[in-house]
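Have a look at the structure below before the remarks.
What you see is a predicted model; the values in this text were computed from it and never measured.
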Amino acid sequence: MLPSQEASKIYHDNYMRNSRAIGVLWAIFTICFAIINVVVFIQPYWIGDSVNTPQAGYFGLFHYCVGEGSSNRDLKCQGTFADFSSIPSGAFKAASFFVLLSMVLILSCIACMALFFFCNTATVYKTCAWMQLLCAVCLVLGCMIFPDGWDAEVIRDMCGEETGKYTLGNCSVRWAYILAIIGILDALILSFLAFVLGNRQSDFLQDEVKGDNKGE
């Protein structure tokens, strides 16, 4: 074996080993992000009460619980995604739709990983990268639209009269909203990494073809 061919083989082996390791990490973090996305969509802890609010309670994208009764600590829960009329604000409905769409996209991305066994690796990486990028866009839209519904009457009753669009009054942001924002950064990083892996795979295949042509 010629020195150049030997060096090329060593480079090929190292590249494939590193590429597989990074690809496995990318897949694991994609699954973790999908779990985050599902939790963000389901959990009703986007905003909630504080020590200064007239009522106790908390709100998610479509499900919410507010205090009632003399103690104001007996929470009455309402809202379901299956019944859009039970969602207290049009903005909440739109935000729910975009977060659901992001969840569908990331779950579809995980399903697409099965294509690694049948299709070109670079194509699969790039397909998943576009899905993750669209997922991040949907989450951004959901997080931006959600505060537009803070002027709903039921939220004003809980958070005080100072509450309005993009003004939370005496209420506070809860962990699910923060997790959604973290999810945006996560999706962007995963998308960038998938694009890099896909492009490197394409470049490597092109170099391999050129090397084979020279050998002939």
Side-chain angles (χ1 to χ4, degrees), residues 4-43 46 61-62 81 93-146 175-216:
S4 60
Q5 292 175 325
E6 187 176 352
S8 177
K9 185 178 184 303
I10 293 171
Y11 172 76
H12 175 271
D13 293 342
N14 288 336
Y15 172 82
M16 293 306 294
R17 193 181 302 114
N18 294 335
S19 179
R20 285 195 195 98
I22 296 171
V24 168
L25 286 175
W26 169 81
I28 291 171
F29 283 116
T30 297
I31 293 169
C32 292
F33 170 64
I35 294 170
I36 289 173
N37 208 325
V38 172
V39 169
V40 162
F41 178 72
I42 293 174
Q43 290 297 318
W46 280 56
L61 290 168
F62 52 86
F81 190 77
K93 295 174 184 178
S96 299
F97 170 77
F98 282 115
V99 176
L100 174 65
L101 185 57
S102 73
M103 186 175 72
V104 171
L105 282 167
I106 197 63
L107 292 175
S108 300
C109 177
I110 292 172
C112 281
M113 289 180 189
L115 297 176
F116 279 121
F117 298 103
F118 309 105
C119 302
N120 179 275
T121 303
T123 303
V124 177
Y125 272 128
K126 290 175 183 178
T127 301
C128 288
W130 280 112
M131 284 184 173
Q132 289 171 335
L133 185 61
L134 288 173
C135 180
V137 171
C138 288
L139 273 181
V140 168
L141 290 171
C143 289
M144 289 179 65
I145 293 171
F146 182 73
W175 61 267
Y177 200 171
I178 296 170
L179 197 61
I181 295 170
I182 294 171
I184 294 169
L185 299 176
D186 193 8
L188 290 172
I189 292 169
L190 289 170
S191 174
F192 173 76
L193 183 58
F195 274 123
V196 170
L197 287 169
N199 288 330
R200 285 191 63 186
Q201 197 77 20
S202 296
D203 294 341
F204 182 75
L205 289 173
Q206 289 175 3
D207 292 341
E208 242 188 1
V209 171
K210 289 178 183 178
D212 291 341
N213 290 337
K214 287 180 181 178
E216 292 174 1

(request) Return yes if some donor-acceptor pair links the side-chain N/O of Ser191 with the main-chain N/O of Ala187 below 3.5 Å, else return no. (result)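 Side chain of Ser191 to backbone of Ala187, a donor-acceptor pair under 3.5 Å: no, none is there.
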State, yes or no, whether a side-chain contact exists between [X] and [Y] at a heavy-atom distance under 4.5 Å.
{"X": "Cys128", "Y": "Thr30", "answer": "no"}
{"X": "Asn120", "Y": "Leu115", "answer": "no"}
{"X": "Val39", "Y": "Trp175", "answer": "yes"}
{"X": "Ser96", "Y": "Leu100", "answer": "no"}
{"X": "Met113", "Y": "Trp26", "answer": "yes"}

Distance from [X] atom [atom1] to [Y] atom [atom2], nearest 0.5 Å?
{"X": "Phe41", "Y": "Leu139", "atom1": "CZ", "atom2": "CG", "answer": "11.5 Å"}
{"X": "Ile189", "Y": "Ile184", "atom1": "CD1", "atom2": "CD1", "answer": "12.0 Å"}
{"X": "Leu185", "Y": "Leu190", "atom1": "CG", "atom2": "CG", "answer": "11.0 Å"}
{"X": "Met131", "Y": "Cys112", "atom1": "CE", "atom2": "SG", "answer": "3.5 Å"}
{"X": "Cys135", "Y": "Leu188", "atom1": "SG", "atom2": "CG", "answer": "9.5 Å"}
{"X": "Ile35", "Y": "Ile106", "atom1": "CD1", "atom2": "CD1", "answer": "11.0 Å"}

Shortest non-hydrogen contact from [X] to [Y]?
{"X": "Phe195", "Y": "Lys126", "value": "CE2-O, 4.4 Å"}
{"X": "Cys119", "Y": "Val124", "value": "CB-CG2, 4.0 Å"}
{"X": "Gln132", "Y": "Cys109", "value": "NE2-SG, 3.9 Å"}
{"X": "Ala95", "Y": "Ile145", "value": "N-CG2, 4.1 Å"}
{"X": "Cys138", "Y": "Leu101", "value": "SG-CD2, 3.6 Å"}
{"X": "Gly23", "Y": "Tyr125", "value": "CA-OH, 3.3 Å"}

(request) Can you label the angle between the Trp46 ring and the Phe146 ring as parallel, tilted or perpendicular, going by 30° and 60°? (result)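 The rings of Trp46 and Phe146 sit tilted, inter-plane angle from 30° to 60°.
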